[in-house]
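Because the structure is a prediction, the values reported are computed rather than measured. We're numbering straight along the sequence, starting at 1.
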Amino acid sequence: MTVPGFTEMTIYRLVLDPNTNSPIVILQDKASGALLPIWIGIFEAHAIAMKMEGVEPGRPMTHDLLKNTFAAIHALVERVEVVDLVDNTYFARIQFLVDDKRHAIDSRPSDAIALALRAGSPIYVADHVLEQSKIDPAGLAVEGGDEDENEDEWTKILKNYNPGRKDKVN
């Protein structure tokens, strides 16, 4: 599905901020490979990691409950969108359909991403947000190889990263 003004992304990986030990979900542009790091909470990182690893909890977690609620009312989570970046805070929206009527609700990106994983829905980022905050992966040695080398490379990248900064790391 093509959404005008948006770029479809996938989850590239979860890492820890080298300065604060805060989790970061890194999204990747499916077409260009550009990366978008978004700082998230530890609980949301746990929910995302569990789903990525195929771990099924004994009882529904919050994002499972939300997915189950959507299913119970016959709502289709069409997609999630990271729609804005204001004062280093990302904003997201969950787009869903009920009886062929489109609805959108405000969300934190981390919650939207965790829901998208559970619902099998695509993740989109507004083009203007991606242009403000992307990291160009060209020349980065972060695929394969030694895990310690990859972490060192990410540490260097993230220490110098600031969303929306004009002279951002590329």
Side-chain angles (χ1 to χ4, degrees), residues 1-31 33-127 129-130 133-135 142-143 147 150-151 154 158 161 163:
M1 163 188 345
T2 301
V3 179
F6 286 84
T7 299
E8 188 170 359
M9 309 289 278
T10 59
I11 296 175
Y12 177 70
R13 70 187 329 175
L14 287 170
V15 297
L16 288 177
D17 181 308
N19 296 317
T20 65
N21 285 326
S22 297
I24 303 168
V25 62
I26 300 176
L27 301 179
Q28 184 173 40
D29 179 343
K30 290 177 84 172
L35 303 172
L36 178 69
I38 300 176
W39 277 250
I40 61 175
I42 190 72
F43 297 112
E44 295 78 19
H46 181 69
I48 291 168
M50 283 183 63
K51 192 62 180 175
M52 288 174 65
E53 296 297 322
V55 175
E56 294 296 327
R59 300 289 300 140
M61 295 179 63
T62 304
H63 303 98
D64 299 308
L65 173 65
L66 186 55
K67 180 196 77 143
N68 295 342
T69 301
F70 276 110
I73 63 170
H74 305 287
L76 171 68
V77 179
E78 187 178 41
R79 66 182 179 270
V80 300
E81 304 168 337
V82 178
V83 296
D84 211 353
L85 173 63
V86 178
D87 297 327
N88 293 330
T89 301
Y90 290 95
F91 291 80
R93 177 168 62 207
I94 300 167
Q95 295 279 355
F96 63 100
L97 297 170
V98 179
D99 297 327
D100 295 325
K101 184 175 179 191
R102 180 167 284 115
H103 302 273
I105 53 177
D106 185 32
S107 175
R108 296 181 303 179
S110 55
D111 291 325
I113 292 166
L115 175 63
L117 280 174
R118 284 158 176 77
S121 304
I123 301 164
Y124 287 87
V125 174
D127 292 340
V129 172
L130 191 56
S133 305
K134 71 182 177 184
I135 294 173
V142 294
E143 280 296 329
E147 190 67 29
N150 289 345
E151 281 196 26
W154 278 111
L158 294 170
Y161 178 78

Original post:
Step by step, would you call Phe6 with Leu130 a side-chain contact (heavy atoms from CB on, under 4.5 Å)?
Top reply: CA-CA 9 Å; Phe6 286 84; Leu130 191 56; over 6 Å; no

[Y] and [X], any side-chain heavy atoms less than 4.5 Å apart:
| X | Y | answer |
| --- | --- | --- |
| Asp29 | Lys134 | no |
| Leu36 | Tyr90 | yes |
| Val82 | Met9 | no |
| Leu115 | Ser121 | no |

Considering all heavy atoms, the nearest [X]-[Y] contact:
| X | Y | answer |
| --- | --- | --- |
| Ala45 | Leu14 | O-CD1, 3.7 Å |
| Asp17 | Asn19 | OD1-N, 2.6 Å |
| Asp106 | Ala92 | OD1-O, 3.2 Å |
| Val80 | Ala112 | CG1-O, 3.4 Å |

Subject >> Within 6.0 angstrom of Asn21 CG, more than 12 heavy atoms from elsewhere >> reply: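 For Asn21, atom CG is crowded (more than 12 foreign heavy atoms under 6.0 Å).
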
Original post:
What do you reckon, is CZ of Phe91 surrounded by more than 12 foreign heavy atoms closer than 6.0 Å?
Top reply: yes

Separation of [Y] [atom2] from [X] [atom1] (nearest 0.5 Å):
| X | Y | atom1 | atom2 | value |
| --- | --- | --- | --- | --- |
| Thr62 | Arg118 | OG1 | CZ | 9.0 Å |
| Ile123 | Lys30 | CD1 | NZ | 10.0 Å |
| Asp111 | Leu66 | CG | CG | 8.5 Å |
| Trp39 | Ile24 | CH2 | CD1 | 4.0 Å |
| Ile94 | Ile113 | CD1 | CD1 | 10.5 Å |
| Ile38 | Leu27 | CD1 | CG | 4.5 Å |

Subject >> Set of side-chain hydrogen bond (donor to acceptor under 3.5 Å, both in side chains) partners for Ser22, sequence neighbours left out >> reply: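 Ser22 satisfies side-chain hydrogen bond (donor to acceptor under 3.5 Å, both in side chains) with Thr20 once adjacent residues are dropped.
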
**OP:** Not counting sequence neighbours, list each pair that qualifies as a salt bridge (Lys or Arg N to Asp or Glu O under 4.0 Å) and has a residue in residues 72-88.
**Re:**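 Matches after skipping sequence neighbours: Glu78-Arg102, Arg79-Glu81, Glu81-Arg93.
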
Subject >> Ile73: partners by side chain to side chain contact (heavy atoms under 4.5 Å, CB included), with sequence neighbours left out >> reply: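 With neighbours one apart ignored, the set is Ala75.
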
Original post:
What class does the angle between the rings of Phe96 and His103 fall in, given that below 30° is parallel, 30 to 60° is tilted and above 60° is perpendicular?
Top reply: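 Rings of Phe96 and His103: parallel, as their planes differ by under 30°.
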
**OP:** Check each of Met50, Lys51, Lys67, His63 against Leu117 using the side-chain contact (heavy atoms from CB on, under 4.5 Å) test, and report the only one that passes.
**Re:** Lys51

